[in-house]
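In this chain, residues are counted from 1 in sequence order.
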Amino acid sequence: AERKIPVQYSKKVIGRSQIGGSRDYIPLKVNMSGVMPVIFAMSLLALPQIITSLFFASSTNPVAVWFRSFTGSVWYYIAYFILIIGFTFFYSAIQFHPVEIANNINKNGGTISGIRAGKPTTDFIKTTAFRLNWIEAFFLILVCIVPTVVGTLSGFQNVWFAGTSVLILTSVANDLIVQVEGELEVRSPRGFLDDLSLKAGRR
């Protein structure tokens with residue numbers, strides 16, 4: 001899913017021809033960070049338990065015992081919840097640059113409807129991305145934590161496969177499709193998937 005920000009480009013007269021004047025949009029992905037926040041959160045939560053299991057496996061210290069039984073506890077899911085939200089905003093802040101997008105719009109003579117060029121455009125894109133980050137974070141929480149909680153409460157240990165693993169598989173599949181499309185568009189202007197649908201329609 002994506003949030004489309006409409007951009008209107010002004011007309012430019014070069015010689016006897018006019019260039020521009022078109023209407024386009026900037027696509028902002030809802031799942032901008034992909035599966036990376038989940039991987040970071042799982043890795044960070046697994047680290048204390050791994051250290052405890054390796055070096056304090058037979059220890060009766062209350063702290064070591066607590067870390068050994070940390071997975072599956074209420075505190076584990078609370079920490080998982082918080083870390084997914086934190087890493088979603090962190091990873092998005094690294095990958096997404098609203099200032100650069102606003103500058104590119106301005107250089108190409110484009111404006112967002114009702115938004116002035118410059119800092120207001122940057123603030124609008126930044127606010128829109130910030131709201132999408134909340135939707136993305138809660139989407140990842142819903143996909144990853146809910147199946148795990150259901151599996152813990154019901155006793156079915158393989159319910160986790162419906163969450164994190166499927167999310168990773170679909171993310172990899174989507175990236176593969178995008179890369180294949182990019183490679184095959186050189187040979188076919190319509191794209192690989194459009195050609196397949198056209199051939200299927202002819203049959």
Side-chain angles (χ1 to χ4, degrees), residues 1-10 20-48 70-71 73-150 160 162-179 181-182:
E2 59 185 22
R3 164 75 160 86
K4 296 180 180 179
I5 299 178
V7 179
Q8 180 67 41
Y9 292 97
S10 59
S22 61
R23 188 176 179 86
D24 205 349
Y25 65 88
I26 300 172
L28 299 183
K29 289 185 178 181
V30 176
N31 186 219
M32 194 178 304
S33 305
V35 75
M36 296 307 296
V38 178
I39 295 175
F40 288 155
M42 292 177 63
S43 301
L44 191 61
L45 288 175
L47 185 61
F70 180 60
T71 304
S73 64
V74 177
W75 295 108
Y76 176 84
Y77 295 117
I78 294 175
Y80 199 16
F81 182 93
I82 296 172
L83 286 175
I84 287 178
I85 294 176
F87 280 123
T88 298
F89 283 90
F90 173 75
Y91 195 78
S92 177
I94 295 175
Q95 297 293 322
F96 185 70
H97 305 287
V99 177
E100 184 178 343
I101 295 175
N103 290 336
N104 289 334
I105 294 175
N106 190 28
K107 287 178 182 178
N108 295 321
T111 55
I112 299 174
S113 301
I115 307 296
R116 290 183 300 172
K119 190 175 184 301
T121 301
T122 303
D123 293 339
F124 177 79
I125 296 174
K126 189 182 298 183
T127 303
T128 304
F130 184 80
R131 293 172 180 172
L132 290 178
N133 285 338
W134 282 109
I135 299 175
E136 178 186 5
F138 285 109
F139 162 74
L140 292 175
I141 289 168
L142 183 67
V143 170
C144 298
I145 292 184
V146 171
T148 308
V149 173
V150 171
W160 62 270
T164 308
S165 299
V166 172
L167 183 63
I168 294 173
L169 289 174
T170 52
S171 298
V172 173
N174 287 331
D175 291 339
L176 179 62
I177 290 175
V178 171
Q179 292 180 9
E181 272 283 310

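- Taking 4.5 Å as the limit, every side-chain heavy atom of Val172 sits out of range of all side-chain heavy atoms of Val35.
- Scored by the ring pair (Phe, Tyr, Trp, His ring centres under 6.0 Å) test, Phe40 finds Phe87 as partners (sequence neighbours excluded).
- Annotation: side-chain hydrogen bond (donor to acceptor under 3.5 Å, both in side chains) contacts involving residues 96-106, sequence neighbours excluded, are absent.
- Listed by chain and number, the residues in a side-chain contact (heavy atoms from CB on, under 4.5 Å) with Pro120 are Ile115, Arg116 (sequence neighbours excluded).
- Shown here are the side-chain hydrogen bond (donor to acceptor under 3.5 Å, both in side chains) partners of Thr122, two or more places apart in sequence or in another chain: there are none.
- Leu83 CG to Leu45 CG: the interatomic distance, rounded to the nearest 0.5 Å, is 5.0 Å.
- Shown here for Ile84 and Ala137, the closest heavy-atom pair between the two residues is CG2-O, 4.0 Å.
- Annotation: side-chain contact (heavy atoms from CB on, under 4.5 Å) contacts of Val30 (sequence neighbours excluded): Ala1, Leu132, Ile135.
- Residues forming a side-chain hydrogen bond (donor to acceptor under 3.5 Å, both in side chains) with Lys119 (at least two apart in sequence, or on another chain): Asp123.
- The closest side-chain heavy-atom distance from Leu47 to Ser43 is not below 4.5 Å.
- Between Phe96 and Ile101 the shortest heavy-atom distance is CE1-CD1, 3.3 Å.
- The two residues Glu2 and Pro27 have their closest heavy-atom pair at OE1-CB, 3.4 Å.
- With a 6.0 Å radius and a threshold of 12 heavy atoms from other residues, nucleotides or ligands, Met32 has its CE atom above the threshold.
- Going from atom OH of Tyr80 over to atom CG of Leu140 covers 9.0 Å, rounded to the nearest 0.5 Å.
- Leu176 pairs by the side-chain contact (heavy atoms from CB on, under 4.5 Å) definition with Val180, not counting sequence neighbours.
- Residues Val143 and Val38 are not in side-chain contact: their nearest non-hydrogen atoms beyond the backbone lie 4.5 Å or more apart.
- Atom OG1 of Thr128 and atom CD1 of Ile26 lie 9.5 Å apart (nearest 0.5 Å).
- Nearest heavy-atom pair across Gly118 and Ala102 is O-CB, 4.5 Å.
- For the pair Ser92 and Ser33, the tightest heavy-atom approach, listed with the atom from each and the gap, is N-OG, 3.7 Å.
- Every residue meeting the side-chain contact (heavy atoms from CB on, under 4.5 Å) condition with Ala46, not counting sequence neighbours, appears here in chain and number order: Ile50.
- Here Phe89 pairs with Phe130, Trp134 under the ring pair (Phe, Tyr, Trp, His ring centres under 6.0 Å) rule; sequence neighbours left out.
- Between the CG atom in Leu28 and the CD1 atom in Ile5 there is a gap of 4.0 Å [rounded to 0.5 Å].
- Thr88 pairs by the side-chain hydrogen bond (donor to acceptor under 3.5 Å, both in side chains) definition with nothing, not counting sequence neighbours.
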